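Scroll down for the structure; my scribbles are underneath it.
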Amino acid sequence: MLSSTIVVDARPEPEARRSETPVLPGGAFVEGQWQSADLTLDVRDPEDGTLVGRVCTSTAQDVRRAIAHIHRHLQIEPWPLRSRRQALEKAALLLGEQSARFATIIAAESSKTITEAEREVRRCIETLRLSAAASTELSGSTLDFEDSLASGHKIGWYSRKPVGIVAAITPFNDPLNLVAHKLGPALIAGNGVVLKPSERTPLSGLALVQLLLEAGVPSGRIAAIVSGPGVAEALVTDEQIDLISFTGGPRTAERIAAAAGAKKILSELGGNNATIVCADADPAAAAEAIVAGAFGVAGQNCLSVQRVYVQTSLFERVLEEVTRGTQALRTGPKFDRRTDVGPLISEDEARRVEDWVEEALAAGASVHAGGQRQGAFYEPTVLTDVPAQCRVLRDEVFGPVVTLMPFVEVSDAVHAANDSEYGLQAGIFTQSMDLALAMAENLHVGAVVINETSDIRIDSMPFGGFKKSGVGREGVRYAVHAMTEPKNTIVNLGESGAPRQLLGGLPERTTP
């Protein structure tokens with residue numbers, strides 16, 4: 001069996017690394033105050049179990065108090081759009097100044113290497129900047145009374161108003177930027193927001209709340225609660241929550257929808273993303289992109305490349321190139337800048353991935369690279385000959401595993417790519433733009449990327465998918481629209497028309 005190498009003995013000195021991890025002011029933010037009691041929930045580095053920090057174990061009553069506090073302040077504490085924009089602009093500047101601190105927090109508590117963490121901080125700065133700029137999305141328009149038989153003597157306009165209070169529930173794999181994708185649009189739109197970050201990686205989100213408060217976000221507009229008995233249910237079922245923005249798995253989303261009742265819900269639920277390599281593609285370029293797209297963040301990325309369909313004439317060449325590129329990856333300590341792939345978020349998750357791969361191998365699959373686990377680390381793995389019923393093909397792996405499959409006709413590859421419960425994004429490699437556009441038209445996904453893999457996102461684009469990949473779209477301006485509603489204002493001028501009455505006896509205008 002060919003394999004990359006898991007390096008576990010070349011890590012930086014742990015004490016020096018931990019000393020850089022900042023202490024946050026509290027383990028939850030409720031009723032405008034940081035909570036420093038009940039810090040009983042440990043946050044540990046998945047790489048080695050080292051304690052990174054502690055946060056609060058909260059209660060359902062804490063959730064209700066947090067929501068009620070925000071509800072009161074929305075009624076009594078105006079926060080003009082100009083001030084909202086300025087606060088988010090300042091937050092982007094502050095994050096730039098504190099980028100090293102935030103990258104250290106991300107890498108310490110999550111699966112990301114320090115290089116990946118730094119990249120996430122840069123993206124978060126962009127998300128905050130885009131959120132501030134989205135103030136322009138809150139303008140309205142006049143209503144077309146003059147063009148209606150029912151107009152009478154009326155005029156009107158609509159403006160966009162905040163929905164109220166947003167519940168923001170975020171996952172572990174992008175613990176800073178996905179928080180910003182919910183908090184930034186919610187705040188610029190004028191809402192209050194209650195954040196529930198993943199209990200596996202809560203420190204990044206809490207640090208962002210701290211930074212937003214420092215930048216001028218009123219304490220009556222924001223709260224953060226991590227975990228505790230009944231906390232999630234209390235958050236999604238509270239009658240004063242007007243919108244739930246959730247990123248996670250489909251089964252959790254179904255439970256939220258069933259519990260929440262008649263609430264607006266935005267959900268991004270992951271993917272099982274396909275890339276199609278046609279016979280006229282550059283095999284080396286395609287293989288390089290596949291390796292990069294399959295194994296970033298140890299494959300724990302909703303845009304990760306999971307299924308690759310290669311036309312038969314190129315299959316062996318692409319397989320060879322992907323295998324070589326995968327074997328060249330270095331799996332090891334997150335704070336070592338030579339590391340390409342860090343650990344999974346837990347040893348349990350690494351064992352799950354191991355089980356799925358073993359299931360495929362027992363069913364007749366072949367492994368060309370990887371296939372080995374050590375603790376929370378799982379080697380980047382390349383498979384072929386995987387039977388269609390295996391979980392590494394049917395379900396979202398959310399780990400460093402990619403499967404290559406040959407195809408004869410392009411139509412077969414498109415059909416196979418669509419044969420999934422998910423429909424997030426897909427990649428196509430071909431030199432024929434006509435062919436690429438025809439394929440793109442028939443792929444049932446939220447985005448098709450031509451001459452790249454599915455692993456592409458900019459924070460301004462409408463982001464989401466079809467089928468079990470979610471409901472609605474993120475991307476800052478699209479989230480702002482979802483987190484507001486149009487409100488009409490209509491003025492009845494009376495039968496004769498108020499403007500003409502106000503003119504009194506002035507003569508009518510005549511043409512000279």
Side-chain angles (χ1 to χ4, degrees), residues 58 60 63 66-67 70 110 127 131 162-187 189 191-202 204-206 208-209 222-228 230-272 300-303 345 396 398 421-425 446 457 459 462-476 478-484:
S58 300
V63 175
I67 295 170
I70 292 174
S110 78
T127 300
S131 296
V163 295
I165 303 178
V166 173
I169 305 173
T170 58
F172 69 82
N173 56 313
D174 282 306
L176 183 68
N177 194 41
L178 288 183
V179 171
H181 264 288
K182 299 183 188 303
L183 301 192
L187 292 170
N191 296 290
V193 59
V194 180
L195 169 67
K196 185 188 179 303
S198 168
E199 63 186 61
R200 289 170 164 172
T201 56
S204 302
L206 292 173
L208 183 60
V209 170
I222 195 166
I225 293 175
V226 178
S227 184
V231 161
E233 183 178 4
L235 179 59
V236 301
T237 59
D238 195 289
E239 292 184 356
Q240 293 181 113
I241 291 292
D242 299 285
L243 182 148
I244 300 167
S245 180
F246 168 74
T247 300
R251 282 189 285 273
T252 303
E254 289 169 1
R255 292 197 296 270
I256 289 173
K263 287 185 175 70
K264 197 172 184 179
I265 299 177
L266 304 175
S267 57
E268 195 278 290
L269 307 179
N272 179 352
Q300 298 166 121
N301 171 13
C302 62
L303 295 178
I345 193 61
E396 184 179 27
F398 224 61
E421 294 180 332
Y422 296 92
L424 188 53
Q425 297 195 170
R457 179 183 181 183
D459 296 295
F463 179 70
F466 295 94
K467 299 183 278 187
K468 283 192 175 180
S469 283
V471 178
R473 293 293 183 268
E474 285 197 338
V476 172
Y478 306 95
V480 168
H481 276 258
M483 293 176 178
T484 58

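These numbers come from a predicted model, not from an experiment.
For A259, the side-chain contact (heavy atoms from CB on, under 4.5 Å) partners two or more places apart in sequence, or in a different chain, are V236, T237. Taking the side chain to side chain donor-acceptor pair (under 3.5 Å) definition, one finds that E233 meets it with nothing, sequence neighbours left out. In this view, E421 and K468 satisfy the salt bridge (charged side-chain N to carboxylate O under 4.0 Å, His left out) rule, not counting sequence neighbours. Take A253 and apply the side-chain contact (heavy atoms from CB on, under 4.5 Å) test, not counting sequence neighbours, and it matches F246, L269. For K467, the side-chain contact (heavy atoms from CB on, under 4.5 Å) partners at least two apart in sequence or on another chain are H444. Remark: N301 pairs with L303, S304, D455 by the side-chain contact (heavy atoms from CB on, under 4.5 Å) rule, at least two apart or across chains. Annotation: side chain to side chain donor-acceptor pair (under 3.5 Å) contacts of K264 (sequence neighbours excluded): E485. Every residue meeting the side chain to side chain donor-acceptor pair (under 3.5 Å) condition with E474, not counting sequence neighbours, appears here in chain and number order: K182. With sequence neighbours left out, the side chain to side chain donor-acceptor pair (under 3.5 Å) criterion links E254 to no other residue. Not a single salt bridge (charged side-chain N to carboxylate O under 4.0 Å, His left out) links K263 to another residue, sequence neighbours left out.
Residues K196 and I225 form no side-chain contact, since every pair of their non-hydrogen atoms from C-beta on lies 4.5 Å or further apart. Residues T252 and P250 have side chains not in contact (no heavy-atom distance under 4.5 Å, counting atoms from C-beta outward). Here the side chains of I67 and V194 are in contact, with some heavy-atom distance below 4.5 Å. Counting heavy atoms from C-beta on, the side chains of V193 and I70 never come closer than 4.5 Å. A 4.5 Å side-chain heavy-atom check between M483 and S245 finds at least one atom pair inside the cut-off. By the 4.5 Å heavy-atom criterion applied to side chains, I256 and I244 are counted as neighbours.
The backbone N or O of Q240 sits less than 3.5 Å from a side-chain atom of D238, completing a donor-acceptor pair. Proximity of a side-chain donor or acceptor of S267 to a complementary backbone N or O of V471 within less than 3.5 Å is detected. One N or O on the side chain of E268 and one on the backbone of G270 form a donor-acceptor pair closer than 3.5 Å. Side-chain atoms of S58 never come within 3.5 Å of backbone atoms of G228 as a donor-acceptor pair (strictly under, hydrogens ignored).
To the nearest 0.5 angstrom, N272 atom CG is 12.5 Å from F398 atom CZ. The distance from atom CG of L183 to atom CG of N191, rounded to the nearest 0.5 Å, is 11.0 Å.
Taking both residues in full, the closest heavy atoms of I241 and L235 are given as CG1-O, 3.3 Å, listed atom of the first, atom of the second, then distance. Contact record, V209 with A224: CG2-CB, 4.2 Å, taken as the closest heavy-atom pair. Nearest heavy-atom pair across G465 and L424 is N-CD1, 3.8 Å. Of all non-hydrogen atoms in A66 and A223, the two that sit nearest each other are CB-CB, 3.9 Å. Across S469 and G423, no two heavy atoms sit closer than the pair OG-N, 2.9 Å. P185 and A180 get closest at one heavy-atom pair: CD-O, 3.5 Å.
At least one cation-pi condition fails for R473 and Y478: the charged atom is not both under 6.0 angstrom from the six-membered ring centre and inside a 45 degree cone around its axis.
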Original post:
Does the pair C302 and F463 meet the rule for a side chain to side chain contact (heavy atoms under 4.5 Å, CB included), with working shown?
Top reply: CA-CA 11 Å; C302 62; F463 179 70; 3.9 Å; yes
**OP:** Determine, stepwise, if the pair V226 / L206 fulfils side chain to side chain contact (heavy atoms under 4.5 Å, CB included).
**Re:** CA-CA 9 Å; V226 178; L206 292 173; 4.3 Å; yes
Give every donor-acceptor pair under 3.5 Å between a side-chain atom in residues 163-179 and any protein atom, sequence neighbours left out.
{"residue": "N173", "atom": "ND2", "partner": "Q300", "partner atom": "O", "Å": "3.4"}
{"residue": "D174", "atom": "OD1", "partner": "K112", "partner atom": "NZ", "Å": "2.5"}
{"residue": "N177", "atom": "OD1", "partner": "C124", "partner atom": "N", "Å": "3.4"}
{"residue": "N177", "atom": "OD1", "partner": "T127", "partner atom": "OG1", "Å": "2.8"}
{"residue": "N177", "atom": "ND2", "partner": "D459", "partner atom": "OD1", "Å": "3.2"}

